[in-house]
Amino acid sequence: FHLPLDQIAYLYGMIFLVSGLTTCLQSVGLLRLPIVQGPYVGSFLGLLIMGHIPGIGLGVAFGSFFVASLIWALLSVPVRGISFMALFGRFFDTPIISGVMVILLMMQFAVVSLPSWIGPPQSPGFPSINLAAGFVSVVVFIAVTLWGGKWLRRAAILSGLVLGTICYAGFLPISFGPVVTAPWLVVPKAFPFGFQVRTDVVIIFLFVLVPSSVSSMALYQVVANWGKEKITPLRMAEGCFGAAIGSILASIVGSFSTTVYPDNMGMLRSTRVGSRYATLAAGILLVVLGCCVKFDMLLVLVPIVVLGGTATVLFGIVMVHGIHLLANVEWDDRNLIIAGAALMIGLGGLFVPPDAMKE
């Protein structure tokens with residue numbers, strides 16, 4: 001949208017703020033699981049597309065996004081016998097449903113993780129520097145995870161990111177100029193792009209938001225299984241309600257709705273730290289540091305190729321757990337058809353030619 005730098009800095013801060021508040025809510029308020037929430041690509045794309053359509057723009061996009069978020073919250077309200085999302089939640093205790101959903105989700109993220117590690121051909125470090133920096137990050141992460149012991153393994157991901165960034169900077173120096181020139185604080189504003197509502201745009205955003213809850217419930221089940229904790233459909237609805245509250249807040253301040261971040265789920269498995277209070281602390285840090293634009297810009301300096309390398313391993317951990325869930329399924333003809341068709345459609349959808357999608 002060719003926004004001025006100060007408004008871009010504002011968006012960074014609001015993304016951290018909304019993610020942090022929603023994470024706090026999920027950790028100790030509603031869902032009560034060690035879940036970290038991050039910006040949801042579906043709402044981002046919706047705002048991006050709607051904002052560029054003549055006659056709509058960001059004012060209509062964010063206003064309609066706000067109304068859709070209110071409707072989403074009503075559908076998720078955690079009251080027994082009323083919650084629409086709780087009706088879906090009871091299906092995710094079935095291994096075939098939750099397992100297939102997790103695998104399909106990780107297939108979608110595979111399109112981002114490895115390509116981000118390699119980088120586009122026009123990137124400065126393509127391909128050798130990108131691959132080398134990501135490789136250093138992955139090797140350090142795996143080595144510390146496997147042989148770092150109980151305490152060092154908790155810093156495995158951070159160690160990999162730091163050393164991978166140092167490796168990248170050894171070939172392509174990283175400028176700290178944006179950090180120095182960035183302002184210190186960002187202050188939330190109500191509907192910074194204006195507020196208008198269109199019914200058709202509301203419906204579009206509702207179709208964008210509700211599926212994120214359905215996919216999130218599969219990931220709730222995975223985390224609950226890791227902690228050997230029983231999660232009821234109503235409790236899943238509470239998680240969806242918490243995400244909907246975050247979406248309402250996001251639409252007000254000009255940010256994106258949030259969803260469960262699978263790489264943070266991979267961190268749970270690799271560090272073996274499943275405390276809700278650890279993710280609560282992460283949420284508080286996101287809120288506090290997200291209001292500091294200099295900190296936001298510092299994180300931006302971490303090369304995407306380093307993040308892509310680490311994410312490739314983390315997403316793989318979560319995918320294998322989805323496969324592990326399927327090990328508990330009794331594979332009769334009915335289950336083979338359901339799982340096989342779902343997986344092939346999900347995988348095949350990644351390879352549909354762009355021209356066909358346009359049609």
Side-chain angles (χ1 to χ4, degrees), residues 13 15-40 102 105-106 109 137-138 140-165 216-232 235-236 238-243 245-246 249 258-292 295-296 298-299 302 306-307 310-311 313-321:
I15 289 170
F16 278 97
L17 179 67
V18 171
S19 298
L21 289 173
T22 313
T23 296
C24 292
L25 194 60
Q26 300 291 52
S27 298
V28 297
L30 290 168
L31 179 62
R32 303 181 304 284
L33 283 177
I35 291 293
V36 173
Q37 300 276 146
Y40 172 47
V102 169
L105 284 170
M106 293 308 103
F109 283 108
S137 177
V138 169
V140 172
F141 164 55
I142 294 175
V144 177
T145 298
L146 296 180
W147 300 295
K150 179 180 178 181
W151 295 102
L152 284 180
R153 67 181 293 138
R154 300 182 178 187
I157 295 173
L158 183 60
S159 301
L161 292 178
V162 170
L163 292 178
T165 300
S216 292
M217 286 190 283
L219 300 179
Y220 296 161
Q221 186 65 56
V222 169
V223 174
N225 288 346
W226 285 347
K228 295 180 172 57
E229 186 169 350
K230 179 70 176 178
I231 180 169
T232 64
R235 189 168 163 189
M236 286 190 178
E238 290 178 351
C240 296
F241 185 65
I245 292 175
L249 176 61
T258 64
T259 189
V260 181
Y261 252 32
D263 46 354
N264 289 108
M265 289 179 56
M267 289 176 64
L268 292 177
R269 192 71 177 185
S270 64
T271 62
R272 299 182 184 176
V273 177
S275 169
R276 294 186 290 121
Y277 299 100
T279 52
L280 172 64
I284 293 172
L285 284 173
L286 281 172
V287 172
V288 174
L289 297 177
C291 292
C292 175
F295 174 77
D296 302 339
L298 184 64
L299 292 181
V302 178
V306 175
L307 293 172
T310 307
V313 180
L314 292 174
F315 293 165
I317 292 173
V318 180
M319 174 177 274
V320 171
H321 185 75

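In what follows, every heavy atom counts, from backbone to side chain, and hydrogens, waters and symmetry copies are set aside.
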The reported gap from CZ in Arg235 to SG in Cys240 (rounded to nearest 0.5 angstrom) is 13.0 Å
What one should report as the nearest heavy-atom pair of Val102 and Val318 is CG1-O, 3.5 Å
Checking the side chain of Arg154 only, and the main-chain atoms of Leu152 only, is there a donor and an acceptor separated by less than 3.5 Å? no
Stepwise side-chain contact (heavy atoms from CB on, under 4.5 Å) check, Ile35 with Thr279: CA-CA 7 Å; Ile35 291 293; Thr279 52; over 6 Å; no
Hey, what do you get for CG (Leu314) to CE (Met106), rounding to the nearest 0.5 Å? 10.5 Å
What one should report as the nearest heavy-atom pair of Gln26 and Tyr220 is NE2-OH, 3.5 Å
Have Thr22 and Gln37 got a donor and an acceptor in their side chains that come within less than 3.5 Å? no
For residues Ser19 and Tyr40, determine if any side-chain heavy atom of one lies less than 4.5 Å from a side-chain heavy atom of the other. no
Grab the two heavy atoms, one from Ser27 and one from Leu280, that are nearest each other, plus how far apart they are. OG-N, 3.5 Å
Pairwise distance CD1(Ile15) to CG(Leu286) - rounded to 0.5 angstrom: 11.5 Å
Sub-4.5 Å side-chain heavy-atom contact between Val260 and Met265: yes
Here the gap from Met267 atom CE to Thr145 atom OG1, rounded to the nearest 0.5 Å, amounts to 10.0 Å
Does the Arg153 side chain pair with the main chain of Ser270, one donor and one acceptor, at a distance under 3.5 Å? yes
Determine the minimum heavy-atom distance between Ile231 and Ala224, stating which atoms define it. CG2-CB, 3.6 Å
All heavy atoms of Pro34 vs all of Ser275, minimum pair found to be CB-O, 3.8 Å
Please check if any side-chain donor atom of Thr310 sits under 3.5 Å from a side-chain acceptor atom of Ser137, or the reverse. yes
Evaluation steps, side-chain contact (heavy atoms from CB on, under 4.5 Å), between Leu31 and Glu238: CA-CA 5 Å; Leu31 179 62; Glu238 290 178 351; 5.6 Å; no
Please give me the minimum heavy-atom distance between Leu33 and Glu229, naming the atom from each residue. CD2-OE1, 4.0 Å
Approximate separation, where rounding is to 0.5 Å, of Leu158 CG and Thr271 OG1: 12.0 Å
Return the OG1 to CG distance between Thr258 and Leu21, rounded to the nearest 0.5 Å. 10.0 Å
